[in-house]
Amino acid sequence: MNINTLIAKTYIVSNKKLTAVAVLGVLLGMSIYIFMNSMMVGFDKSSTSSLFKSTSHIRVYKDDEISKALITQNNNKSIIINPKVVPVNNTIINPNLVIETILKQKDVTVVTPQVNSNVFYNNGKSQISGLAVGIKPDEANLMYDIKSFMVEGDFEQLKSNPNGIVIGSGISEKMNLTVTDNINLTSSKGINRTFKVVGIFKTNNSITDKSKSYINLSASQQLLKQGNSYITDINVNITDPENAEVVAGKLSEITGYKAEGWKQANETLMATNKMRKMIITFVSLTILLVAGFGIYNILNMTVSQKINDIAILKAIGFKGKDVIRIFVTQAVTIGFMGVIGGVIIATILITILKRVYLGGDIGYFPIDYEPKKFVQGIVIGLVITFFAGYIPAKKAANVDPVDILRK
Amino acid sequence: MNILEAKNIDKFFHDPVEFQVLKNIAFDVKKGEFLTMIGKSGSGKSTLLYILSTMDTDYKGELFIDNKLVTGLSKDQLAELRNEKIGFVFQFHYLLPEFSCLRNVMIPALKLGKLSEKEIEERAYKKLEILGLEDQALKPASKLSGGQQQRVAIARALINDPLIIMGDEPTGNLDSKNTDIVFDIFQDLTRNYGQTIIAVTHDEDFAHKSDKIIEMKDGEILRK
């Protein structure tokens, strides 16, 4: 064994208490860092996955237009304008062509048209206002995975029954409806139509459950007194939701309609996510830094304690860099032990928390082993311990043996 | 043959006020000589020893060790030179308390890295034997008596067969019995092993038994 390593090892072993305290510091910092970051990733995943149960990655629709002046600005004349939303139909023209065009784009996985209609659900005297979403059952299921949150009935029946409806569990409870019961819908255009309940879904978002229902696209068009080319929204899913903004930009260029990514459509949620990310990163990094300070302090103490040793080692021929190696080896060894311990503790914590059932929309605690965060934690932990050791080691290397030995 | 040669060495302390500690020091040391430096406190004898040891590089003049100029070498070069050619014995033993005596003796040789660990261990045992400590070899350094610790320190100084052993008050902390032992060891080393020794001491008796005395006063050599 190299003599520097041997001395470092002896220092670590002979002062077990100090070593243990330093290791514990790194261990705590590491485990909390990995744990909190894994939790953050889990939160993000769970919040986006619950979002994607009702939102597509990109939504293509015809945006309202603002009226413009008929002539361009002229220096000689004053123009009086009164910009307002132009009262035009918000339908997408030739939706099939648009859908085909979008489908040809790479990264695009699912494209489906959708017509939303505000309705009243009527059953006897009770009335609830809500939203009937007109969909193509197969495509919509691919996009939102509706079957995964069905609690009663069969979603497939929506395909075969043009008068079928899949309602939220809240509506079913309030109106005392079960599968095969009839329900009457009144649309904003005054159309009345009776549907047959073929299924009930439950998203655990009570507002959605109390107001939303899925019907066939054609039924929705009829409720709005429109023909079968009336499409208000085209929903698009892509391979990587993180790229939604970029693809949306492309789609809006190609189709000429407004295409909006999910991040843009859910800015509040994104801001909340961002805030959470910042807080967790800040807190976990601070904890790691504090652990680093722990090592720094302990090594500083060791250097002061061992100042005589350092002086004699330098007198008998150890160079400055040998001394640095001794103390950095000590720091990095402590760092390694702490990091390994931290990884183990973090794994245990995550394993325990994964099994905690929260209920509601979330189910089990949304946390998972995130390899990226583990690697990140290990690297940051080692870098911090290296520097925490290097600074006192540098100090030790600069010890002038004459000053010490002459005392 | 000159082992060590000092030419016109001047040394100044700058703090708190400028003060010349050594004035134009010139002498040489021959192989196998047992040289002691005496003088009152503040005469500059210790300062001179640290310059000769190459640990203090802030001086004017020239220093030759083994006929090579060492003035102006880098710190790392000087560290290597000390490791190979100079052994140190201080007033206080400065052993590493966590290590066994044997390890303490071995450290400079392990640092030098010319022999295998096994060979070094054998050599270390031999050196401890010369100093009558072979049965203490595996004890931690902190468990030995003061006299024994100082002898371990001498064994450590000897491990690399240095050209010169330098001692800064090597008997300063020892009672008269142990002082005699250390002196006998030094004398034995010079007589029987041809070892060169330079030691600073307060102890007149100790000095008078050596081959050559340099007496210093106010930074100058009073007599050789």
Side-chain angles (χ1 to χ4, degrees), chain A residues 1-20 22 298-299 301-330 333-334 393-407, chain B residues 11 45-47 49-51 53-59 74-100 103-113 117 120 140-142 153 156-160 162 165-169 200:
Chain A
M1 197 191 287
N2 181 297
I3 179 67
N4 296 337
T5 324
L6 183 83
I7 294 174
K9 190 185 133 198
T10 310
Y11 283 170
I12 289 171
V13 175
S14 64
N15 218 331
K16 288 196 185 74
K17 252 187 205 161
L18 272 188
T19 309
I298 282 166
L299 275 163
M301 228 160 85
T302 314
V303 168
S304 309
Q305 274 176 3
K306 305 287 181 197
I307 199 109
N308 287 342
D309 290 11
I310 297 165
I312 191 68
L313 286 174
K314 289 190 91 170
I316 61 181
F318 281 66
K319 296 171 195 161
K321 62 177 187 236
D322 293 316
V323 176
I324 289 183
R325 251 178 230 149
I326 290 172
F327 287 97
V328 168
T329 308
Q330 202 183 341
T333 310
I334 289 172
K394 190 85 194 154
K395 190 178 109 186
N398 289 333
V399 165
D400 184 356
V402 182
D403 286 346
I404 310 298
L405 299 174
R406 284 205 64 174
K407 269 172 200 162
Chain B
K11 161 96 184 164
K45 57 188 192 309
S46 273
T47 308
L49 184 81
Y50 282 102
I51 289 173
S53 78
T54 76
M55 279 193 270
D56 187 351
T57 51
D58 179 24
Y59 60 89
S74 74
K75 281 197 168 180
D76 283 355
Q77 285 170 315
L78 291 174
E80 274 169 30
L81 181 127
R82 282 200 297 276
N83 186 217
E84 199 176 344
K85 297 187 172 162
I86 304 175
F88 290 100
V89 182
F90 299 94
Q91 181 174 0
F92 184 68
H93 59 80
Y94 287 118
L95 298 173
L96 306 189
E98 291 94 349
F99 290 81
S100 68
R103 275 277 172 215
N104 264 294
V105 176
M106 285 167 72
I107 285 173
L110 290 169
K111 175 67 203 141
L112 188 64
E117 198 170 331
I120 292 170
S142 51
R156 179 178 64 188
L158 290 171
I159 187 76
N160 282 342
I165 287 184
M166 296 198 184
D168 182 15
E169 307 266 8
V200 163

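Side chains are part of it too, since the values below use all heavy atoms of this structure and drop only hydrogens, waters and symmetry mates. Per chain, numbering begins at 1; letters A, B, ... match sequence-line order.
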- State, to 0.1 Å, how close A:Ile404 and B:Tyr94 come at their nearest heavy-atom pair, and which atoms those are. O-OH, 3.5 Å

- Item | Non-hydrogen atoms of B:Phe90 and A:Leu405 that approach each other most closely | CZ-CD1, 3.3 Å

- Of the backbone (N, CA, C, O) and the side chain (C-beta and beyond), which part of A:Asn15 lies under 4.5 Å from a heavy atom of chain B, both, or neither? neither

- Heavy-atom distance under 4.5 Å to chain B: side chain of A:Ile7, backbone, both or neither? both

- Query: Under a 4.5 Å heavy-atom cut-off, does chain A meet the side chain of B:Lys111, its backbone, both or neither?
  - Reply: both

- Item | Minimal non-hydrogen separation, B:Tyr50 against A:Val402, with atom names | CG-CG1, 4.1 Å

- Note on the structure: Counting heavy-atom pairs under 4.5 angstrom with chain A, the leader among B:Thr47, B:Leu95, B:Leu81 is B:Thr47

- Message: What part of B:Ser53 gets within 4.5 angstrom of chain A, counting heavy atoms only: side chain, backbone, both, or neither?
- Response: neither

- Task: Among A:Ser14, A:Ala311, A:Pro401, A:Ala315, single out the residue with the greatest number of heavy-atom pairs under 4.5 Å to chain B.
- Result: A:Ala315

- Item | Smallest separation among heavy atoms of B:Asp76 and A:Gly320, with atom names | OD1-N, 4.2 Å

- A:Ile316 and B:Asn160, any side-chain heavy atoms less than 4.5 Å apart: no

- Taking the side chain as every heavy atom from C-beta outward, state whether A:Leu6 and B:Glu117 have any atom pair closer than 4.5 Å. no

- Query: So which of B:Met106, B:Met55, B:Glu98, B:Arg82 has the biggest tally of heavy-atom pairs under 4.5 Å with chain A?
  - Reply: B:Glu98

- Query: Which heavy atom of A:Gly317 sits nearest a heavy atom of B:Asn83, and at what distance?
  - Reply: CA-CB, 3.7 Å

